Amino acid sequence: MKKTVFLSALAAAGLVASGAMAQDSGSSTLAAVKEHGALKCGVNPGTPGFAAPDANGVWKGFDVDLCRAVAAAIFGDPEKVEYTPLTSAVRFTALSSGEVDMLARNTTWTFSRDVDLKLEFTGVNYYDGQGFMVPKDLGVSSAKELSGATVCIETGTTTELNLADFFRVNGLDYEPVPVESFTEAQNQFLAGACDVYTTDASALAASRASFETPNDYVVLPEIISKEPLGPLVRHGDSEWGDVVRWTLNAMVSAEELGVTSANAADMAANGTENPEINRLLGGEGELGAMLGLPNDFGLNIITKVGNYGESFEANIGESTPVGLARGLNALWTEGGLIYSPPFR
């Protein structure tokens, strides 16, 4: 019995030591990114407006801009990013294994992902909810009329679980058509392999906008879940989490403070009467040094990528094919949920 207790104690000590070693090794992510010379960012394989390569293979989109902003904060160059397209099924493994340094790919912040998977969400860059899209000629106007429908749904997502809950609560049955990616779901839906496509409402809008005949499809009015989407990193590296978190916060604060890609350089050069703007742009204080970054990291983010509103409007706003209104993603001062802690 004593031997067992002794061995158990050694095992416990070993677990503590290995955990400490893992945390120590994890704390070098920023150093590893700098040494590598580029940020390794995991993105969606292709969601128009959020993340997709253009005709020249250049990645663009609202989520892509977050990767670019982190690179701008670290290197002063938003192009120092290596993009890894990841399906829903492999995204968390790729992050946990170190294949990528961060994820920026429409991932919902949930308890189990945060706690059980040992991942850390560093903020919300888009507040979303799950919706349903159907062909107009299906003749339905509500998701509660979908009993017996076949539904295309990405496996390994919160969407899959929300769908089951919604149909169960409403006493409906359905036949799932499992798919592994946004592109496969879209293709199967267009080919008539399923009656319904369900995912985040923003992705439905992006998908519909890419169809040859978008008016032949309708997004039903029901939003059945909360989907706070945001960037995430591995647990155990608070310093790296701070870099990603305050990059997003810099974009949000800049919009609120009226700092844009067009005026940020002039504000930094001449100073302003607003001390928070001066701190954001590196003219006062040592906020960059606290993150292990250049003191003008905020200036680099805004001049080379833009503030939150600029990125939103350029990639997914109402003047783009995706055509999303700000809604919940308006600034808190304008009735939305987008909010940053102060740069102080």
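As the structure is a prediction and not an experimental result, all values here were calculated from the model. Count residues from 1 along the sequence.
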Distance flag, aromatic centroids of [Y] and [X], threshold under 6.0 Å:
| X | Y | value |
| --- | --- | --- |
| Y197 | Y217 | no |
| W246 | F297 | no |
| F132 | F166 | yes |

Without swapping roles, check the side chain of [X] against the backbone of [Y] for a donor-acceptor pair under 3.5 Å.
| X | Y | result |
| --- | --- | --- |
| D114 | E120 | no |
| D77 | E79 | yes |
| R279 | F343 | yes |
| N295 | G288 | yes |
| R208 | P214 | yes |
| T260 | N263 | yes |
| S225 | G129 | no |
| E310 | S261 | yes |
| T303 | A265 | no |

Do [X] and [Y] pair up side chain to side chain, a donor and an acceptor below 3.5 Å, judged on atom types alone?
| X | Y | result |
| --- | --- | --- |
| E180 | T87 | no |
| Q130 | T199 | no |
| Q186 | S207 | yes |
| E99 | S97 | no |
| T29 | D101 | no |
| N278 | E273 | no |
| E256 | S340 | no |
| T47 | N44 | yes |

Roughly how far apart are [X] [atom1] and [Y] [atom2], rounded to 0.5 Å?
| X | Y | atom1 | atom2 | answer |
| --- | --- | --- | --- | --- |
| L163 | R168 | CG | CZ | 13.5 Å |
| D200 | E227 | CG | CD | 5.0 Å |
| S253 | I302 | OG | CD1 | 9.0 Å |
| D128 | N329 | CG | CG | 7.5 Å |
| Q188 | T150 | CD | OG1 | 10.5 Å |
| L190 | T213 | CG | OG1 | 8.0 Å |

Would you mind checking if [Y] and [X] are paired as a salt bridge, meaning a charged N to carboxylate O distance below 4.0 Å?
| X | Y | answer |
| --- | --- | --- |
| D216 | K136 | no |
| E255 | R326 | yes |
| D242 | R245 | yes |
| E276 | R344 | no |

Close side-chain approach of V140 to L146, heavy-atom, < 4.5 Å: yes
4.5 Å side-chain heavy-atom contact, F121 and T107: yes
Heavy-atom neighbours of E313 CD exceed 12 at 6.0 Å: yes
Enclosure of K304 NZ (heavy-atom neighbours >12, cutoff 6.0 Å): yes
Derivation of the ring-ring contact (aromatic ring centres under 6.0 Å, His included) call for F182 and F50: CA-CA 12 Å; F182 175 89; F50 285 86; 9.3 Å; no
Within residues 62-118 or reaching into it, pairs that qualify as disulfide (SG to SG under 2.5 Å) - sequence neighbours excluded: C41-C67
Side-chain hydrophobic cluster, 4.5 Å single linkage: members besides V169: none
side-chain hydrogen bond (donor to acceptor under 3.5 Å, both in side chains) between E222 and S142, intermediate numbers included: CA-CA 7 Å; E222 287 85 359; S142 167; 2.4 Å; yes
Over-ring placement of R113 relative to F92, 6.0 Å and 45° cut-offs: no
Identified side chain to side chain contact (heavy atoms under 4.5 Å, CB included) counterpart of R91 within the set V100, V43, T157: T157
Test side-chain hydrogen bond (donor to acceptor under 3.5 Å, both in side chains) applied to N315 and D63, D65, T320, the passing residue: D65
